[in-house]
Amino acid sequence: QVQLVESGGGLVQAGGSLRLSCAASESISIISAMGWYRQAPGKQRELVATVTSGGIINYADSVKGRFTISRDNAKNTVYLQMNSLKPEDTAVYYCNVQGKRGTFYSTRSYWGQGTQVTVSS
């Protein structure tokens, strides 16, 4: 069974930091990309940051210079270091993995359960 286990959300004051982590189960044996998305109340889910297996990184303009995405391929884990947090960063953050369970499987998009990040002013 494919599982993405997220951790690290919480409540922080503006200017503070949080680190999110997401571990993908070993059943996803071939991962092409990992990343983070967020959804604020009343808004659509949006990309925060992604990193491919080759190390290509993409950030939303709103988080450039403040957030850092990284991954540990050996652990199938992706991290999001969030610094200089702002109230507008408040959202549910979702981990996403693009991968497949083996050579003869199709690539799928897997989602974590979401973790709440709340930034107070």
Side-chain angles (χ1 to χ4, degrees):
Q1 185 176 357
V2 174
Q3 281 188 314
L4 301 182
V5 179
E6 302 172 3
S7 61
L11 173 64
V12 65
Q13 288 188 331
S17 298
L18 284 173
R19 188 186 192 219
L20 306 182
S21 65
C22 171
S25 60
E26 293 181 355
S27 57
I28 309 177
S29 62
I30 303 173
I31 295 177
S32 55
M34 305 181 83
W36 294 92
Y37 292 70
R38 68 186 180 187
Q39 188 167 17
K43 294 187 177 182
Q44 289 189 328
R45 190 173 298 187
E46 63 177 4
L47 178 146
V48 176
T50 59
V51 55
T52 69
S53 58
I56 298 173
I57 292 175
N58 183 40
Y59 292 105
D61 288 342
S62 59
V63 307
K64 284 181 180 177
R66 300 188 299 121
F67 291 9
T68 302
I69 190 170
S70 60
R71 63 186 283 181
D72 184 334
N73 290 332
K75 297 181 179 180
N76 274 10
T77 300
V78 63
Y79 305 95
L80 185 68
Q81 178 67 43
M82 304 185 292
N83 299 329
S84 303
L85 282 161
K86 304 175 181 180
E88 50 264 44
D89 294 318
T90 295
V92 178
Y93 284 69
Y94 295 91
C95 174
N96 175 261
V97 171
Q98 303 287 324
K100 53 186 180 180
R101 302 180 68 174
T103 303
F104 301 105
Y105 288 80
S106 299
T107 298
R108 289 186 55 188
S109 181
Y110 299 92
W111 292 94
Q113 78 281 4
T115 184
Q116 177 70 45
V117 172
T118 302
V119 184
S120 63
S121 58

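Numbering of residues begins at 1 and proceeds along the displayed sequence.
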> Who are the side-chain contact (heavy atoms from CB on, under 4.5 Å) partners of A49, not counting sequence neighbours?
Replying inline: Y59, I69, L80
> Roughly how far apart are Y110 OH and L4 CG, rounded to 0.5 Å?
Replying inline: 9.0 Å
> Does CD in E88 sit with more than 12 non-hydrogen atoms of other residues, nucleotides or ligands closer than 6.0 Å?
Replying inline: yes
>> Taking side chain to side chain donor-acceptor pair (under 3.5 Å) as the definition, give me every residue that meets it alongside S17, ordered by chain and number, with sequence neighbours left out.
In response: N83
>> Before you tell me yes or no, could you show the steps for C95 and W111 under side-chain contact (heavy atoms from CB on, under 4.5 Å), namely the whole-Å CA-CA distance, both residues' side-chain angles and the distance that decides it to 0.1 Å?
In response: CA-CA 6 Å; C95 174; W111 292 94; over 6 Å; no
> Nearest 0.5 Å, what's the CG-CD distance between L20 and Q81?
Replying inline: 9.0 Å
> How far does OG of S7 sit from OH of Y79, to the nearest 0.5 angstrom?
Replying inline: 9.0 Å
Residues 114-121, side-chain donor-acceptor partners within the protein, below 3.5 Å, at least two apart:
| from | atom 1 | to | atom 2 | distance (Å) |
| --- | --- | --- | --- | --- |
| T115 | OG1 | G9 | N | 3.3 |
| Q116 | NE2 | A91 | O | 3.4 |
| Q116 | NE2 | T118 | OG1 | 3.3 |

>> Before you tell me yes or no, could you show the steps for S109 and N96 under side-chain contact (heavy atoms from CB on, under 4.5 Å), namely the whole-Å CA-CA distance, both residues' side-chain angles and the distance that decides it to 0.1 Å?
In response: CA-CA 7 Å; S109 181; N96 175 261; 2.7 Å; yes
> Should R66 and D89 count as side-chain neighbours, where that means a heavy-atom distance under 4.5 Å?
Replying inline: yes
> Which residue pairs pass the side-chain hydrogen bond (donor to acceptor under 3.5 Å, both in side chains) test when at least one of the two sits in residues 48-57, sequence neighbours left out?
Replying inline: none
> Would S29 and Y105 satisfy side-chain contact (heavy atoms from CB on, under 4.5 Å), going step by step from the backbone distance to the final call?
Replying inline: CA-CA 10 Å; S29 62; Y105 288 80; over 6 Å; no
>> According to salt bridge (charged side-chain N to carboxylate O under 4.0 Å, His left out), does anything in residues 69-79 pair up with another residue at least two apart or in another chain? List the pairs.
In response: none
>> Please evaluate residues N76 and S25 with respect to the criterion side-chain hydrogen bond (donor to acceptor under 3.5 Å, both in side chains), reporting the C-alpha separation (whole Å), side-chain torsions for both, the decisive distance (0.1 Å), and the verdict.
In response: CA-CA 7 Å; N76 274 10; S25 60; over 6 Å; no
> Hey, any chance L18 and V92 share a hydrophobic cluster, counting ILVMFWY side chains that come within less than 4.5 Å of each other, even indirectly?
Replying inline: no
Side-chain atoms of residues 39-47: list all donor-acceptor pairs with protein atoms under 3.5 Å, sequence neighbours left out, distances to 0.1 Å.
| from | atom 1 | to | atom 2 | distance (Å) |
| --- | --- | --- | --- | --- |
| Q39 | NE2 | K43 | O | 3.1 |
| E46 | OE2 | R38 | NE | 2.8 |
| E46 | OE2 | R38 | NH2 | 3.3 |

> In terms of hydrophobic clustering (I, L, V, M, F, W, Y; side-chain heavy atoms under 4.5 Å; direct or indirect links), are M82 and V51 co-clustered?
Replying inline: yes
>> Are L85 and L11 linked, directly or through intermediate hydrophobic residues, by side-chain heavy-atom contacts shorter than 4.5 Å (ILVMFWY only)?
In response: no
> Are I57 and W36 linked, directly or through other ILVMFWY residues, by side chains that come within less than 4.5 angstrom of each other?
Replying inline: yes
> So which heavy atom on G112 is nearest to which on Y94, and how close?
Replying inline: O-CD2, 3.7 Å
> Roughly how far, to the nearest 0.5 Å, is the CD atom of Q98 from the CD1 atom of I28?
Replying inline: 10.0 Å
